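For reference, the structure discussed in these notes is given below.
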Amino acid sequence: MTNSADFYEAISPITAFEDVFSPEAYSEVPADWSVVVTDIKGSTKAIEAGRYKDVNLLGVATIVAAQNAMNRKPFPYVFGGDGATLLLPPGSEDAVSRALDGTRRLARDNFDMELRVGLVSVREVIERGGRIEVAKLQLVGDSCIANFRGGGLTVAERCVKDEPETYEIADFGSAAADLTGLSCRWQPIPAKKGLVASILVVAQSRAHEAGFPKLLSQLRAILSDDIGAHNPVHADNMRYKPLMETLRGEVRYHQRLLSVPFILRFLEIVAAVLIFKFKIPPLLFNPA
């Protein structure tokens, strides 16, 4: 019998995007797992003030902090723009909560933003009428992204936002955020045809989920060619940021600049700019 903690790693990935809509691709998340919900309080006003990059960055930072706290053990998550939702195996809640408390403090001290962090057990989600099922879509190599269904993540989000006194994580005092691996070093990617569109479709019931394959089919008919060709992100239109711009942005990822992690990040930024912006080839790998 598979250990509950290894549930996600044991799921066989799907390789075709169309299979995301197949119920057979999904597995029910064990009741002894937990859901972590993070988001920036007042994110709408912050975005209206032009701080969308900071909002997005802190949302991703919560994922990276959790990954580092779990020593990069894979777990399912979804990025929501102003935050993220993470599913954690039993036994990891304390380490991840400490890391996210450090991220919460960093958001307040270095970005002047309030980060909400709450934790709800999957068992509680089920008791409130939700369910959480997850599938793994394989992208390139061993890289996979999680896909969710069942509405349980929405239930968890309501718990955290409506009952913060019950579900927000504790203040651990001196906990620090480890954001090793987090970077945002590419210039904004321009739209190839003047506009980048994001389409959000929500099924009102489980029966309505059967309409997703039809929607995808109609999109393919409208686009008339490979749907992947309409992805706005392509290697030929990606440009690396200058050294000082990158450094100014990433200096805020550290609570102390006189530290080994910041010095290592500084050296990494210099090397990356030389390799990717100025195309100076390194000795050990092919930058292309």
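Here the structure is a predicted model, which is why all the values come from computation and not from measurement. All values below come from the heavy atoms of this structure, side chains included, with hydrogens, waters and symmetry mates left out.
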Kindly determine whether Arg105 and Asp171 satisfy salt bridge (charged side-chain N to carboxylate O under 4.0 Å, His left out), including the steps that lead there.
CA-CA 9 Å; Arg105 186 172 297 102; Asp171 185 339; 3.1 Å; yes

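- With 3.5 Å as the limit, one finds a donor-acceptor pair spanning the side chains of Ser4 and Asp32.
- Scanning all heavy atoms of the two residues, the minimum distance from Thr62 to Leu86 falls at O-CD1, 4.2 Å.
- Ion pairing between Asp178 and Arg98 fails under the 4.0 Å rule for side-chain N and carboxylate O.
- Looking at Glu133 and Arg131, a side-chain N of the basic residue comes within less than 4.0 Å of a carboxylate O on the acidic one, giving a salt bridge.
- Ion pairing between Glu157 and Lys161 holds under the 4.0 Å rule for side-chain N and carboxylate O.
- Between the side chains of Thr15 and Gln138, no donor-acceptor pair of N or O atoms lies under 3.5 Å.
- Geometrically, Arg185 does not engage Tyr240 in a cation-pi contact, judged by NZ or CZ lying under 6.0 Å from the ring centre and within 45° of the ring axis.
- At most 12 non-hydrogen atoms from other residues, nucleotides or ligands lie less than 6.0 angstrom from CZ of Arg123.
- Under the 4.5 Å side-chain criterion, counting only non-hydrogen atoms from C-beta, Leu87 is in contact with Leu153.
- Sorted by first and then second residue, the pairs that involve residues 52-65 and meet salt bridge (charged side-chain N to carboxylate O under 4.0 Å, His left out), not counting sequence neighbours, are Arg51-Asp54, Asp54-Arg252.
- Counting non-hydrogen atoms of other residues, nucleotides and ligands closer than 6.0 Å to CG of Asp112 gives a total of 12 or fewer.
- Side-chain N or O atoms of Asn71 include none that pairs as donor or acceptor with a backbone N or O of Lys73 at under 3.5 Å.
- Cluster membership check: Val155 does not share its hydrophobic cluster with Val117, using side-chain heavy-atom separations under 4.5 Å among Ile, Leu, Val, Met, Phe, Trp and Tyr.
- Applying the 4.5 Å side-chain rule to ILVMFWY residues, one finds Val260 in the same cluster as Leu264.
- Sparse packing is recorded around CZ of Phe266, with 12 or fewer heavy atoms of other residues, nucleotides or ligands lying under 6.0 Å away.
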Determine all donor-acceptor pairs shorter than 3.5 Å in which one atom belongs to a side chain in residues 270-279; sequence neighbours excluded.
from	atom 1	to	atom 2	distance (Å)
Lys279	NZ	Phe276	O	3.0

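- Proximity of a side-chain donor or acceptor of Thr246 to a complementary backbone N or O of Pro242 within less than 3.5 Å is detected.
- Side chain of Ser143 to main chain of Leu139: no donor-acceptor pair is present (N/O by atom type, distance under 3.5 Å, no hydrogens or angles).
- Contact check for Thr85 versus Phe148: no side-chain heavy atoms found under the 4.5 Å cut-off.
- Between Val37 and Tyr167 there is no side-chain heavy-atom pair separated by less than 4.5 Å.
- Formation of a donor-acceptor pair under 3.5 Å by the Asn110 side chain with backbone atoms of His254 is found in this model.
- In Tyr77, the OH atom is not crowded: 12 or fewer heavy atoms of neighbouring residues, nucleotides or ligands sit closer than 6.0 Å.
- Side chain of Asn56 to backbone of Gly81: a donor-acceptor contact under 3.5 angstrom is found.
- Between the side chain of Ser22 and the backbone N or O of Glu18, no donor-acceptor pair lies under 3.5 Å.
- Remark: side-chain polar atoms of Tyr26 are paired, donor with acceptor, to backbone N or O of Val20 under 3.5 angstrom.
- Crowding of Leu258 atom CG: a count of heavy atoms from other residues, nucleotides or ligands under 6.0 Å not exceeding 12.
- With Lys136 contributing its side chain and Ile11 its backbone, the two residues share a donor-acceptor pair below 3.5 Å.
- Not a single donor-acceptor pair under 3.5 Å links the side chain of Glu250 to the backbone N or O of Tyr253.
- A donor-acceptor distance shorter than 3.5 angstrom exists from the side chain of Asn237 to the backbone of Pro232, with no hydrogens or angles considered.
- The number of heavy-atom neighbours closer than 6.0 Å to CG of Asp162, taken from other residues, nucleotides and ligands shown, is above 12.
- One hydrophobic cluster, built from ILVMFWY side chains closer than 4.5 Å, cannot hold both Val60 and Ile269; they sit in different ones.
- A salt bridge between Arg149 and Glu24 is absent, with no side-chain N of the basic residue lying under 4.0 Å from a carboxylate O of the acidic one.
- Linking ILVMFWY residues whenever their side-chain heavy atoms come closer than 4.5 Å, directly or via other members, places Phe7 and Val125 in the same cluster.
- Within a 6.0 Å sphere centred on CZ of Arg72, other residues, nucleotides and ligands contribute more than 12 heavy atoms.
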